[in-house]
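Convention: sequence-line order gives letters A, B, ...; per-chain numbering from 1.
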There are 2 protein chains.
Amino acid sequence: MSPASTPKTDRSTEIASALRDAIVTGRLLVGDRLPSEAELAEQYGVSRPTVREALKRLAAQSLIRTQRGATGGAFVNHLSYEAAHGQQITTSTLLLSMNAIAFETACEARFAMERACAPLACARREAAHLATMRAELANQSDARLSDEAFCASDVAFHRALVDAAANPVLSYQLAGAVEAMQPLMNMITFTARDRARIVALHAAVADALEAQDAAACDAALTALERYTIDLAGAVMARRAAKAAARPGS
Amino acid sequence: MSPASTPKTDRSTEIASALRDAIVTGRLLVGDRLPSEAELAEQYGVSRPTVREALKRLAAQSLIRTQRGATGGAFVNHLSYEAAHGQQITTSTLLLSMNAIAFETACEARFAMERACAPLACARREAAHLATMRAELANQSDARLSDEAFCASDVAFHRALVDAAANPVLSYQLAGAVEAMQPLMNMITFTARDRARIVALHAAVADALEAQDAAACDAALTALERYTIDLAGAVMARRAAKAAARPGS
DNA sequence: GACAGCCAATTGTCTGACAATTAAACAGCC
DNA sequence: GGCTGTTTAATTGTCAGACAATTGGCTGTC
């Protein structure tokens, strides 16, 4: 009854966990090369395909990268911010797309985090951040911009705000949330009036940041959040009404 | 030169991407059963092991779950908050453990997000949240508590605060950050004096939440952040001094 | 000494097979 | 007829061996 420790887990899962543990606890360091698949297979008493499945699991979490050839093998990855960021986006996008989250909830979380960045950004913003924001503001004022381009510029603007906080953890978490929401935002068609309002609020944010006025920045972001939710709500309602009017299969 | 689209990606990676795309775009819905491995293999013109590697990748991201038996197969997962949360913790822990992030940076991000929760939590906190916080406070005042248990109670306290904000997106993001930091916090040995100070600050947070005073809550969290960073800095300095005094190998 | 070709190690993939597991279909009994 | 136990089929999990593709290093030649 002693080996009842892992009654129903696959061998490949076990091996993946063991290797992950070795990486997390530092027994395997960044850049280290794992034993070859054949060696791992012998070591764990399984076949090569089983080892490969375990390695693929780790690769999916970008914990390792593999390389073919004579000096190839599996190497412990650095897990850059970019990779973490990518996973964050994937996860957030899925949560949103599966309707597990209401738009309002995601929006609220996003602006809450953005307001959390505001004081830091006000304290640390540099000329480059302000310049980026001004440039995107000018961009957004161009009436010929497509909705997609407008949204992309919106993302870039907020990205600059977050980056100004100079905290990479906040950057990757928040950028993930913002980018996950972009597909949804792209579905919204902005009227000229909407755009003017949004640009004005963006300008208020930029001004507050330049003046290093955290309270004003917070207020502008709060107003922007309210407006975004109102807009989205109106779009959803319009869509629902249209769907009700045309009840085709 | 036309088939240069995927010059160096594995087939298993391609297939994993294709399936992931099918899930994200909604072509495969939650609960749907994927074709059996044999069918997928035929469909993509590869062998079963290759398909299996692709499936393991998706399983590692908890996008699918597999089940053996007659009615078994791979099913599109719900991607619960728990799963997203788990991944968040794994990623954050790794980022921290690989020294890619300074403790101060992680701490700053964590408290920034927590302050972002504060207004929401003040507005929405319910009796259960307050009760949990009071219970953990009492727990933390017990001098017989081990450092690990004290830290665990600390996590539970903050978790209650975040949950009071009633926004699952914030919950999973922040809880991930908090739990990722726990191993580091566990390394810190708290003196009785430290604990009293922390408990007092926690009490201030709980009081502010009960009174629905967002500003007071914010202030208490800020003070807690400063104290945490000071403490950690002192511990690190002490450790560095000890390492310098004993310059072994 | 520089360069070209060969070589060995390693991952990526295939084939075929068997074991384990699970639910459904089926036979048998009360 | 209804319930129970058994068989059965479908599916994943694992294995073994083999070959293709890739890539760095080695060797031989000019």
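Minimum atom distance to the side chain of A:Arg68 is reached by D:dT22, of the listed D:dT12, C:dC14, D:dT22. Of all nucleotides listed (D:dT12, C:dT11, C:dC14), C:dT11 comes nearest to the side chain of A:Glu37.
Within the 4.0 Å cut-off from OP1 or OP2 of D:dG13, not a single side-chain nitrogen or oxygen of A:Ser12 is found. For B:Thr50, no side-chain nitrogen or oxygen approaches OP1 or OP2 of C:dG12 to under 4.0 Å. Taking 4.0 angstrom as the limit, B:Ser47 places a side-chain polar atom (N or O) nearer than this to OP1 or OP2 of C:dC14.
Between the side chains of B:Gln87 and B:Ser62, at least one donor N or O lies within less than 3.5 Å of an accepting N or O. Under the 3.5 Å distance criterion, with hydrogens and angles disregarded, no donor-acceptor pair is assigned to the side chains of A:Gln88 and A:Glu179. For B:Ser171 and B:Asp163, the side-chain atoms include at least one donor-acceptor pair closer than 3.5 Å.
Residue contacts shown for A:Arg48 include a base, since a base heavy atom lies under 4.0 Å away. Using a 4.0 Å heavy-atom distance criterion, B:Arg65 is classed as making no nucleic acid contact. Here B:Arg11 lies in heavy-atom contact (under 4.0 Å) with sugar-phosphate atoms only.
A straight line from CG of B:Leu34 to P of D:dA10 spans 20 Å, rounded to a whole angstrom. In this entry the distance linking CD of B:Gln67 with P of D:dA10 reads 18 Å, nearest Å. As a whole-Å value, the separation of B:Arg52 CZ from C:dC14 P is 14 Å. When the P atom of D:dG13 is taken as reference, atom CG of B:Leu55 falls 9 Å away, rounded to whole Å. Separating the CG atom of B:Leu40 from the C1' atom of D:dT11 is a distance of 12 Å, rounded to the nearest angstrom. If you measure from atom CZ of B:Phe75 to atom C1' of C:dA23, you get 11 Å, rounded to the nearest angstrom. Computed from coordinates, the B:Arg33 CZ to C:dT22 P distance equals 15 Å when rounded to whole Å. Look at CZ on A:Arg57: it is 11 Å from C1' on D:dG13, rounded to the nearest Å.
Looking only at side-chain heavy atoms (C-beta outward), A:Leu161 and A:Met133 come within less than 4.5 Å of each other. Counting heavy atoms from C-beta on, the side chains of A:Tyr44 and A:Ser12 never come closer than 4.5 Å.
B:Ile15 CD1 to B:Leu55 CG: the interatomic distance, rounded to the nearest 0.5 Å, is 8.5 Å.
With B:His158 contributing its side chain and B:Val155 its backbone, the two residues share no donor-acceptor pair below 3.5 Å.
When each of B:Ala70 and B:Pro49 is assigned the nucleotide of DNA chain D bearing its nearest heavy atom, the one mapping closer to the 5' terminus is B:Ala70. If A:Thr71 and A:Asp10 are placed on DNA chain D by their nearest nucleotide, the residue sitting closer to the 5' end is A:Asp10.
In the helix from C:dG1-D:dC30 to C:dC30-D:dG1, the end axes, each obtained as the rotation axis mapping the C1' atoms of four pairs onto the next four within a five-pair block, lie 10° apart to the nearest 10 degrees.
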Salt bridge (Lys or Arg N to Asp or Glu O under 4.0 Å) assessment of A:Arg110 paired with A:Glu114: CA-CA 6 Å; A:Arg110 178 210 148 156; A:Glu114 207 158 330; 3.3 Å; yes

